[in-house]
There are 4 protein chains.
Amino acid sequence: MAPKEAKTRQRRADGEMSRARILDAATEIAGERGYEGTSIGAVSAKCGLPASSIYWHFKDKDDLIAAVIERSFAHWLKVWQLPEDLTGRDRLMEVAVGTAKAFMDSPDFLRLGLMLALERRPVEPRARAMFVQVREQAFEALTRSLVDLAAGLTGDQVRQLAAYAVAGADGLFIAKEIGGDSVDLVAMFEMHGQALWDIAQRMIGEN
Amino acid sequence: MAPKEAKTRQRRADGEMSRARILDAATEIAGERGYEGTSIGAVSAKCGLPASSIYWHFKDKDDLIAAVIERSFAHWLKVWQLPEDLTGRDRLMEVAVGTAKAFMDSPDFLRLGLMLALERRPVEPRARAMFVQVREQAFEALTRSLVDLAAGLTGDQVRQLAAYAVAGADGLFIAKEIGGDSVDLVAMFEMHGQALWDIAQRMIGEN
Amino acid sequence: MAPKEAKTRQRRADGEMSRARILDAATEIAGERGYEGTSIGAVSAKCGLPASSIYWHFKDKDDLIAAVIERSFAHWLKVWQLPEDLTGRDRLMEVAVGTAKAFMDSPDFLRLGLMLALERRPVEPRARAMFVQVREQAFEALTRSLVDLAAGLTGDQVRQLAAYAVAGADGLFIAKEIGGDSVDLVAMFEMHGQALWDIAQRMIGEN
Amino acid sequence: MAPKEAKTRQRRADGEMSRARILDAATEIAGERGYEGTSIGAVSAKCGLPASSIYWHFKDKDDLIAAVIERSFAHWLKVWQLPEDLTGRDRLMEVAVGTAKAFMDSPDFLRLGLMLALERRPVEPRARAMFVQVREQAFEALTRSLVDLAAGLTGDQVRQLAAYAVAGADGLFIAKEIGGDSVDLVAMFEMHGQALWDIAQRMIGEN
DNA sequence: TATGAATGAGGTTTCATTCAT
DNA sequence: TATGAATGAAACCTCATTCAT
């Protein structure tokens, strides 16, 4: 049905601002309902702009969700700071706890990303490719950081360690999503940090 | 050209078989595309029965997907056998490797379940509730098994350990889903088993 | 969806009783929702018999609703007794009040009938024809009775009077349906009886 | 063959006109077939706009039918003019005859309204509420007019008279709907006017 | 820089009905 | 005397998208 008059009539509409409003709405909805669950109509209703305006700013739905991922990742990188020199157990634990807090602070990015990552679609959305790609970037950064932590490990071992670190983080995020308040995410991440440290030490010892 | 599977019009009514065919189709599609991505039309096309017949066997889409989860979980439990007495490092590693293999053998159940678990919908699908519930069952079973492994741990510690075990498994599954052949799931699960063992030992030592 | 096990398992099912159960359910639903609003599925759910059983007892939906009208009319005739000799004002008022009570006692028949009567469908349901026909019977009976009341009126005048009597009754029924408890149907019918009496007297005077 | 009405694809967006076309089609169909009998598909076919366009202009079917009632009532009020001062028998007869003519001129409004009024649905359509409401307005107006006619009546008596007037009108409308050309609606309404006059006089005399 | 209106495809579900048993 | 299962058509409605302004 014809949308009722928008509450705040935008005189002299500002393109950037409209784009941001659309992205805000799409981020929220997509973070909760995934790709298919995010309809242009729902985004339009949430941001107050007509659906056709969304198509002025974004080529199509795929483009919109990809932009959501892109912006969310940039935001995420601001929240989750990985130190250049990840040396020593204490630094590792700091990063672990920081990751837990970043997850709790802005879970939408990872929730949407994981939903996208799990789907197997005939034609893969650009958004999924984008998530996998930015995730890869994060993985590379983590790998570089871990080199400092675990001098004495082979490149393969470092990568395996990084993969395990990421997997654990994903899994703990899901645990928190399912368990809600009953899950102490910080404690779980401390456990994870400890596990990573132990694994690294054992690897070094075995080399 | 190879002859199309003869579209044997089911004259002889065989409800159980039809139900199974519908569930087969729905399991495959939902495992790949998630809840929203699974359309009744697609299920109908895949199983050969008209959409209206699906509604003879299932009340609605929600009911169908919930049935998919239910049956997939039963199947999963047959593939993934948890020993009653999980004692010693070797047994733990066996379970870890077994889990890896079970994941590779039938990934649809967990893929669909995780997609459901991640979604935040205005009205929660029964299927999600069902997944969370069967997952809880699995968690309880694991907790019971771990008691044998780690005599000397408090109940809270065992539960934390179990939660970490499950989270790691989820995360590694996702890593495999994203990374495909480049991920050696068995090796990763061995690492996870080792990590769990280390954590348990450390906890016991600290008590 | 496949209907859940019927509560009372009918061993040695009795055809007449099944038919009656179906008619009971259909009468209730059709009396509330009209022809289109009455679905075989809803009747099936209400009477506990599968839809296919309804087709064993009735040729099609049209046949079912026609049977509802037929049975309801028979029931109505039992409740609403028109005396053979409608002579004098008192008798007229008795009939008026009796009609009011009959309406309140079993409103389903007239409600469904009027809904059917008002509809203009490309192919007219048998049920509508049946209602119009039984209504015609009632009209004829009333006309015969009124002859006694109003000796001195021409045939045309009697028929006009009967038509006005029926119209008033219909209208008052509708007023009660819309107004509910706020309408005193008996009082309104007493007014109607008085009006008919006045009209008849005036007609006689004018002849 | 006469050329089909050129299917002038409305390139130039003219919302008001489209809305009117939809309402025209819906009014005609709903006036003949009632709420359930009015399918969006049929309205779409009749007005030439795709079904999805109907949903641009109206939230849902309920909204559409309610709009039909609203517009039909406005139209009805233009055709049926009730004088402010309804004094004297002649004025009353004029109104009666005017009502008969208005019914014959545009029967759709009342036919649909009565069908809606008779239905008892689990969730009441907005259209029914709207009909009952506009009918109430008409009733109030009539009550006010009758005050002039019957000075000397109590408020309750005037309301009862108005209710009887409305009921008679409804009933006569139905008689015409069923009887068709065999019913002389104007003559019947003259009878009704006379009856109302007699009742009023009798009431005044009795007070 | 935007948007009102439109549109065809497809979504879920219900419909009346049939048929083999 | 029934009924489980099936079925095509059609119901209501939402979808992503386009286009003229």
Side-chain angles (χ1 to χ4, degrees), chain A residues 1-3 6 10 12-19 36 38-44 49-62 64, chain B residues 9-19 36 38-44 49-62 64, chain C residues 1-3 6 10 12-19 36 38-44 49-62 64, chain D residues 9-19 36 38-44 49-62 64:
Chain A
M1 199 185 65
Q10 281 284 132
R12 277 280 123 229
D14 173 1
E16 269 318 304
M17 191 176 134
S18 289
R19 204 186 126 97
E36 300 260 14
T38 302
S39 77
I40 300 292
V43 174
S44 158
L49 294 167
S52 48
S53 292
I54 296 175
Y55 282 87
W56 195 91
H57 290 280
F58 302 93
K59 189 171 121 351
D60 54 19
K61 179 174 161 176
D62 215 24
L64 170 61
Chain B
R9 268 288 215 85
Q10 279 291 132
R11 283 264 154 248
R12 176 70 180 314
D14 183 352
E16 272 317 307
M17 190 175 131
S18 291
R19 204 186 127 96
E36 301 258 14
T38 302
S39 80
I40 299 292
V43 174
S44 158
L49 290 165
S52 48
S53 290
I54 296 176
Y55 283 89
W56 168 260
H57 292 278
F58 303 93
K59 190 171 99 44
D60 54 20
K61 180 173 161 174
D62 214 25
L64 170 60
Chain C
M1 200 184 68
Q10 280 283 133
R12 275 280 125 229
D14 173 2
E16 268 319 304
M17 190 175 136
S18 289
R19 204 186 128 97
E36 300 260 13
T38 302
S39 78
I40 298 293
V43 174
S44 157
L49 294 166
S52 48
S53 292
I54 296 176
Y55 282 87
W56 196 91
H57 289 280
F58 303 94
K59 188 172 123 351
D60 53 20
K61 178 174 161 174
D62 215 25
L64 170 61
Chain D
R9 269 284 218 87
Q10 278 291 131
R11 281 265 154 250
R12 175 69 180 317
D14 182 352
E16 272 318 307
M17 190 176 133
S18 292
R19 204 186 128 96
E36 300 259 15
T38 302
S39 79
I40 299 293
V43 174
S44 159
L49 290 165
S52 49
S53 291
I54 296 177
Y55 284 90
W56 169 260
H57 292 278
F58 303 94
K59 190 170 100 39
D60 53 20
K61 180 174 162 175
D62 214 25
L64 171 60

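From a predicted model like this one, the values you see are computed outputs, not experimental measurements.
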Could you list the donor-acceptor pairs under 3.5 angstrom formed by side chains in residues 52-61 of chain B, with sequence neighbours left out?
residue: B/D60; atom: OD1; partner: B/D62; partner atom: N; Å: 3.3
residue: B/D60; atom: OD1; partner: B/D63; partner atom: N; Å: 2.9
residue: B/K61; atom: NZ; partner: B/Y35; partner atom: O; Å: 3.1
residue: B/K61; atom: NZ; partner: B/T38; partner atom: O; Å: 2.9

### Task
For C/A42 and for A/R19, locate the closest nucleotide of DNA chain E by heavy-atom distance; then report the residue assigned to the nucleotide nearer the 5' terminus.
A/R19
### Summary
Rounded to whole Å, the CG-P distance (D/L49 to E/dG4) equals 18 Å
#### Entry: Integer-rounded Å distance: E/dA16 C1' and C/E36 CD
12 Å
### Message
In whole Å, I'd like the distance from the CD1 atom of A/I40 to the C1' atom of F/dT17.
### Response
9 Å
### Those residues of residues 50-57 of chain C lying under 4.0 Å from DNA chain F by at least one heavy atom
C/P50, C/S52, C/S53, C/W56, C/H57
### Base-pairing string, 5' to 3', of DNA chain E - Watson-Crick or wobble, under 3.5 Å, | interstrand
.||||||||||||||||||||
### Sugar-phosphate only, base, or nothing, as touched by C/T38 at under 4.0 Å among non-hydrogen atoms
sugar-phosphate
## Note on the structure
C/M17 atom CE is separated from F/dT1 atom P, nearest whole Å, by 14 Å
### Summary
Separation of F/dC12 atom P from B/D60 atom CG, nearest Å, is 20 Å
### Query
Considering only E/dT17, E/dT12, E/dT3, which nucleotide approaches the side chain of C/K61 most closely?
E/dT17
## Note on the structure
Walking DNA chain F from its 5' end, the first of A/D62 and D/G41 to be reached, judged by nearest nucleotide, is D/G41
